[in-house]
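All remarks here apply to the structure that follows.
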Amino acid sequence: MGPMTEIGFLLVQTLFSLYLGVVILRLLLQLARADFYNPISQAMVKATNPLLLPLRRVIPPLGKVDTASIVLALIVQLIAMVSILLLFGAGLPNIVTLLGWSVIGCVALTVNIYFFAIIINIILSWVAPGSHHPAAVLLYQLTEPVMQPFRKLIPPMGGIDLSPILVFLSISVVQILLKSMAQSAGLSPALVFGL
């Protein structure tokens with residue numbers, strides 16, 4: 001790989017992964033019913049609305065799930081993978097394979113978002129407990145729906161919450177399954193932002 005290809009790969013991967021992360025975060029915050037008026041939420045809305053609003057005119061929501069956001073995430077992941085394949089001069093697989101790869105990539109990035117959000121939330125609970133910073137509030141609102149079922153299995157003991165251990169174990173299992181699915185589908189980890 002030449003230096004220009006490597007620079008192109010870095011730029012494509014960084015820009016697409018950042019935008020894809022914002023799209024997925026917006027969807028996850030909507031599902032968690034996080035504060036829409038939080039300044040960070042508003043920044044995500046402004047960043048994603050130019051592409052999301054036209055999709056919403058065509059793709060209706062399914063209940064509480066914003067299907068337009070899911071479609072946008074899949075499209076962004078697909079375009080990123082096609083860009084990387086073209087950058088390396090590789091042939092393009094059929095559209096069904098690309099869509100399968102996009103699903104695996106979006107799920108992998110979602111799992112990584114939760115992994116890092118929970119770690120940051122744990123660290124914040126140690127260094128700034130009860131913080132009302134907009135980022136801390138959003139992290140709590142994002143992770144609480146995932147953490148709550150595990151807290152029912154392992155309630156806090158002596159003021160220490162051990163439920164993240166089960167969450168991280170579950171995340172690791174999902175990551176192993178995703179890597180196995182990616183290998184079965186012939187997906188290179190370089191094409192997916194979450195693997």
Side-chain angles (χ1 to χ4, degrees), residues 8-34 38 40-41 43-52 55 59 61-62 64-88 93 95-123 135 138-147 164 167-195:
F9 173 71
L10 175 68
L11 292 174
V12 167
Q13 191 176 33
T14 302
L15 295 175
F16 276 100
S17 64
L18 286 174
Y19 192 75
L20 181 60
V22 170
V23 171
I24 291 175
L25 262 174
R26 177 178 175 164
L27 173 66
L28 296 175
L29 290 171
Q30 282 177 319
L31 291 173
R33 296 183 182 269
N38 184 304
I40 298 170
S41 296
M44 283 190 255
V45 167
K46 287 178 185 172
T48 55
N49 268 351
L51 295 178
L52 193 57
L55 277 176
I59 303 169
L62 291 174
K64 297 177 183 176
V65 178
D66 182 14
T67 49
S69 292
I70 294 172
V71 169
L72 179 59
L74 291 172
I75 290 171
V76 170
Q77 178 71 54
L78 190 135
I79 292 171
M81 288 188 303
V82 167
S83 301
I84 291 170
L85 286 170
L86 291 175
L87 188 66
F88 287 125
I95 189 68
V96 175
T97 302
L98 282 172
L99 284 173
W101 289 359
S102 294
V103 170
I104 292 171
C106 288
V107 172
L109 186 58
T110 302
V111 170
N112 281 346
I113 287 171
Y114 274 112
F115 177 80
F116 289 110
I118 291 169
I119 285 179
I120 294 168
N121 211 14
I122 290 169
I123 293 170
L138 272 186
L139 280 173
Y140 176 79
Q141 292 172 340
L142 175 67
T143 58
E144 193 56 27
V146 173
M147 298 293 292
V167 175
F168 289 135
L169 183 63
S170 300
I171 286 173
S172 295
V173 168
V174 171
Q175 287 174 330
I176 291 168
L177 292 173
L178 285 170
K179 285 180 184 176
S180 174
M181 288 172 60
Q183 286 177 337
S184 298
L187 178 59
S188 168
L191 292 176
V192 178
F193 305 124
L195 289 179

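Both backbone and side-chain heavy atoms feed into the values below; hydrogens, waters and symmetry mates do not.
- Taking CG of Leu55 as the start and OG1 of Thr48 as the end, the distance is 11.0 Å to the nearest 0.5 Å.
- Atoms CE and CG, from Met44 and Leu28 in turn, are 9.5 Å apart once rounded to the nearest 0.5 Å.
- Expressed to the nearest 0.5 Å, how far CD1 of Ile171 lies from OG1 of Thr110 amounts to 11.0 Å.
- Note: Phe88 and Phe9 have tilted aromatic rings, judged against thresholds of 30 and 60 degrees for the angle between ring planes.
- Between Pro145 and Leu31 the shortest side-chain heavy-atom distance does not fall below 4.5 Å.
- In this structure, the side chains of Gln30 and Lys64 stay at 4.5 Å or more apart for every pair of heavy atoms.
- Counting heavy atoms from C-beta outward, Ile118 and Leu139 have side chains that stay 4.5 Å or more apart.
- Residues Ala34 and Leu138 approach most closely at CB-CD2, 3.8 Å, considering heavy atoms.
- Donor-acceptor pairing under 3.5 Å is lacking for the side chains of Asn38 and Ser41.
- By the 4.5 Å heavy-atom criterion applied to side chains, Leu52 and Asp66 are counted as neighbours.
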Let me see the working for Ile119 and Phe168 under side chain to side chain contact (heavy atoms under 4.5 Å, CB included), right down to the final yes or no.
CA-CA 9 Å; Ile119 285 179; Phe168 289 135; 3.6 Å; yes
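- Atom CG of Leu78 sits about 8.0 Å away from atom CD1 of Ile75, to the nearest 0.5 Å.
- Contact between Pro93 and Leu85 at its shortest, heavy atoms only, is CD-CD1, 3.8 Å.
- The CE atom of Met181 sits 4.5 Å away from atom CD1 of Ile104, with the distance rounded to the nearest 0.5 Å.
- Although no hydrogens or angles enter the test, the distance criterion places a donor-acceptor pair under 3.5 Å between the side chain of Ser17 and the main chain of Thr14.
- The shortest non-hydrogen separation linking Cys106 to Leu20 is SG-CD1, 4.2 Å.
- Residues Ser83 and Val12 come closest through the heavy atom pair CB-CG1, 4.0 Å.
- In terms of modelled atom types and a separation under 3.5 Å, the side chain of Tyr19 and the main chain of Ala47 share a donor-acceptor contact.
- Side-chain contact, Gln175 with Asn112: a donor N or O sits under 3.5 Å from an acceptor N or O.
- Using a 4.5 Å heavy-atom cutoff, the side chains of Trp101 and Thr97 are in contact.
- Proximity of Phe16 to Leu11: side-chain heavy atoms (C-beta onward) are nowhere separated by under 4.5 Å.
- In this structure, Leu86 CG and Ile79 CD1 are separated by 11.5 Å, a value rounded to the nearest 0.5 Å.
- Of all heavy-atom pairs between Met147 and Pro164, the closest is CE-CG, 3.4 Å.
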Check step by step if side chain to side chain contact (heavy atoms under 4.5 Å, CB included) holds for Asn49 and Arg26.
CA-CA 10 Å; Asn49 268 351; Arg26 177 178 175 164; 2.9 Å; yes
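- Across Ala32 and Gln141, no two heavy atoms sit closer than the pair CB-O, 3.4 Å.
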